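Shown next, in structure tokens, is the structure this report addresses.
Each ligand, and each atom within it, is numbered from 1 in the order the structure gives. Remember, predicted model here, so these are calculated numbers, not experimental data. Reckoned from all heavy atoms, side chains included, excluding hydrogens, waters and symmetry mates.
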Amino acid sequence: MRLVLLGPPGAGKGTQAEKLSVYFGIPRISTGDILRHNVAQNTELGKKAKSYMDSGQLVPDDLVVKMVEHRLKESDARKGFILDGFPRTIAQADALLKMTKIDAVLSFFLEPEELIKRNTGRRVCPKDDTVYHVLMNPPKKPGVCDKCGTALIVRADDREDVVRKRIETYEKQTAPLIKYYRDRGMFREVYATGLIEEIFLRAVEALKA
Ligand code: AP5
């Protein structure tokens, strides 16, 4: 299964990608997580990406395409993968089609006000990237990752003004991919409201259709 997850910031792509990754036994490849680790380690890529990420803009296509190309060559991606957050522009989608075949694109849909609530309440584990929400998906012990015990952090781009900018960026630069993939017969839409488990079942059903 070679899967692309599409959807605005906070729609639940990362949360569902984790579950789908376990279900299908294939890796989740999150461009956001890879970029954030590069920023944290202050790599050359991280230095170039940081200002775009902090202001809710997309990192330039050439940097992200090279990064994904490299990641897809790793051995665990041979049996399939879930791309979470890539592609995000038509140029990235064109580049991806040259790299590999894609079986389906799952697009998660949610209203903007709900997106704001999900992003501003998010907490993440900087070590294993597990995602929580202070109210809607809390860890067992407040402020601590259930899996590895690391202190949770707030993402630098989860401030409300930056979240609004990220939603705007999605509408302008990424939403055109809906038509792109619909035209190629790969597009499946999943309504992303409700319990995490319900949405997961919807996603699995959409993949059977
Ligand atoms: P990225 O990390 O990909 O961020 P995003 O696309 O904005 O998506 P999010 O991670 O914010 O949300 P999500 O949909 O994964 O939701 P989540 O599951 O966390 O990208 C960050 C930045 O990196 C970009 O702005 C850009 O600068 C750069 N970048 C990345 N990829 C790029 C690319 N391809 N090209 C160029 N630049 C790129 O859930 C959100 C919250 O809701 C969590 O708290 C979660 O616990 C909660 N939640 C989830 N599901 C539910 C539910 N059903 N009910 C209640 N709460 C829920």
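For the ligand labelled ligand 1, residue P87 lies outside the 4.0 Å heavy-atom shell. A heavy-atom separation below 4.0 Å is not found between G7 and ligand 1. No heavy atom of Q16 sits closer than 4.0 Å to any atom of ligand 1. Ligand 1 is never approached by R123 to a heavy-atom distance shorter than 4.0 Å.
Nearest-residue assignment for atom 4 (O) of ligand 1 (options E198, R155, K13; heavy-atom criterion): R155. For atom 20 (O) of ligand 1, the nearest non-hydrogen atom from the set M53, M136, R88 comes from R88.
Nearest protein heavy-atom contact of atom 41 (C) of ligand 1 is R118 O, 3.3 Å.
Looking only at side-chain heavy atoms (C-beta outward), L97 and Y180 come within less than 4.5 Å of each other.
The shortest N/O to N/O separation between G12 and ligand 1 falls below 3.5 Å. Residue contacts with ligand 1: L35 is placed with no nitrogen or oxygen under 3.5 Å of a nitrogen or oxygen of the ligand (distance criterion only). For ligand 1, none of its N or O atoms has an N or O atom of S30 under 3.5 Å away. At under 3.5 Å, a nitrogen or oxygen of A11, whether backbone or side chain, sits near a nitrogen or oxygen of ligand 1.
Within ligand 1, the atoms closer than 4.0 Å to a non-hydrogen atom of G14 are 13 (P), 15 (O), 18 (O), numbered from 1 in the order shown. Heavy-atom proximity to N137, at under 4.0 Å, picks out these atoms of ligand 1: 46 (O). Interface of N119 with ligand 1, defined as ligand atoms under 4.0 Å from a residue heavy atom, comprises 11 (O). Close approach to R36 involves these atoms of ligand 1, each under 4.0 Å from a residue heavy atom: 2 (O), 21 (C). Of all the atoms in ligand 1, the ones that sit under 4.0 Å from a non-hydrogen atom of Q57 are 26 (C), 27 (O). Numbered from 1 in the order shown, with element, the atoms of ligand 1 that lie under 4.0 Å from a heavy atom of R166 read 4 (O), 5 (P), 7 (O), 9 (P), 11 (O).
Partner D129 forms a side chain to side chain donor-acceptor pair (under 3.5 Å) with one of H37, R36, R28 and no other, that one being H37.
Side chains of Q57 and S55: a donor on one and an acceptor on the other come within 3.5 Å.
Between the R202 side chain and the Y191 main chain, a donor and an acceptor come within less than 3.5 Å of each other.
One distance of note links OG1 of T89 with CD of Q173; it measures 7.5 Å at 0.5 Å rounding.
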